[in-house]
Amino acid sequence: MNVILFGPPAAGKGTQAKRLVEARGLVQLSTGDMLRAAIAAGTPLGRTVEALIQRGDLVSDEIVTALVEESLPAAEAGGGAIFDGFPRTLPQAIALDGIISRRRSHIHRVLQLKVDNDVLLDRVSKRFAESGRPDDNPVSFKVRLEIYDRQTAPLLTYYGRSGKLMEIDGMASVDAVGASIRRALVS
Ligand code: ADP
């Protein structure tokens with residue numbers, strides 16, 4: 001089973017993806033984690049994307065699509081992929097459809113974590129204080145939210161047409177959100 005976790009930055013996609021890894025044996029494909037690993041390892045890719053990520057801008061569609069295409073076979077062999085933070089633009093969604101259909105595979109569900117902006121801002125300012133993730137600073141976070149509204153949220157129309165989209169209340173407790181996701185995956 002392949003699942004897309006969809007939602008604004010700091011909606012809880014990573015937290016819930018990790019729970020699905022534990023509970024369902026799925027494999028998390030987080031483009032953000034992959035890019036941060038490249039930065040930490042000092043690879044050429046990491047050096048290319050570091051400043052841009054810190055500002056809150058998007059990495060190019062070609063780069064993130066290649067990362068996903070490379071890791072999808074192992075994820076599907078491992079039980080299925082949870083796409084976390086991908087796709088974020090219409091070209092990424094179209095590319096993912098191509099990759100998936102060439103593999104004669106499917107996206108089973110697109111789960112939209114809904115969280116109000118004031119809650120997101122509150123969460124991320126706490127996360128910034130704790131983890132110091134550079135792109136969680138208030139200026140970059142504002143850029144990330146604007147990019148989400150402009151480039152990512154429109155994908156809801158795209159996935160809405162597929163009949164696979166389900167809304168999840170992302171403002172409930174972590175356990176309650178996890179329970180809603182489990183229910184969505186069996187329905
Ligand atoms: P969050 O979900 O908290 O916004 P991520 O860890 O998913 O954060 O992503 C962090 C940053 O990595 C993004 O702001 C962006 O710069 C880059 N990135 C991650 N995934 C993508 C993607 N699919 N397309 C373009 N850039 C991406």
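We count ligands from 1, going down the list as the structure has it; atoms in each ligand are counted the same way.
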Original post:
Cluster partners of V143, using ILVMFWY side-chain heavy atoms under 4.5 angstrom, listed by chain and number?
Top reply: L58, I147

**OP:** State which residues pass side chain to side chain contact (heavy atoms under 4.5 Å, CB included) with T152; sequence neighbours excluded, sorted by chain then number.
**Re:** F6, R88, Y148

Subject >> Residues lining ligand 1 [heavy-atom distance under 4.0 Å, listed by chain and residue number] >> reply: P9, A10, K13, T31, G32, L35, R36, I53, D57, L58, V59, V64, G85, F86, R88, Q92, R127, R133, D135, R144

**OP:** Sequence neighbours left out, what passes side chain to side chain contact (heavy atoms under 4.5 Å, CB included) with I100? Give chain and number order.
**Re:** N2, L72, F83, L96, S105, I107

Original post:
Is atom NE2 of H108 surrounded by more than 12 heavy atoms (other residues, nucleotides or ligands) closer than 6.0 Å?
Top reply: yes

**OP:** Using the side-chain contact (heavy atoms from CB on, under 4.5 Å) rule, pick out the option among I4, L156, L5 that qualifies with V110.
**Re:** I4

Original post:
Between D135 and R144, is there a salt bridge with N-O shorter than 4.0 Å?
Top reply: yes

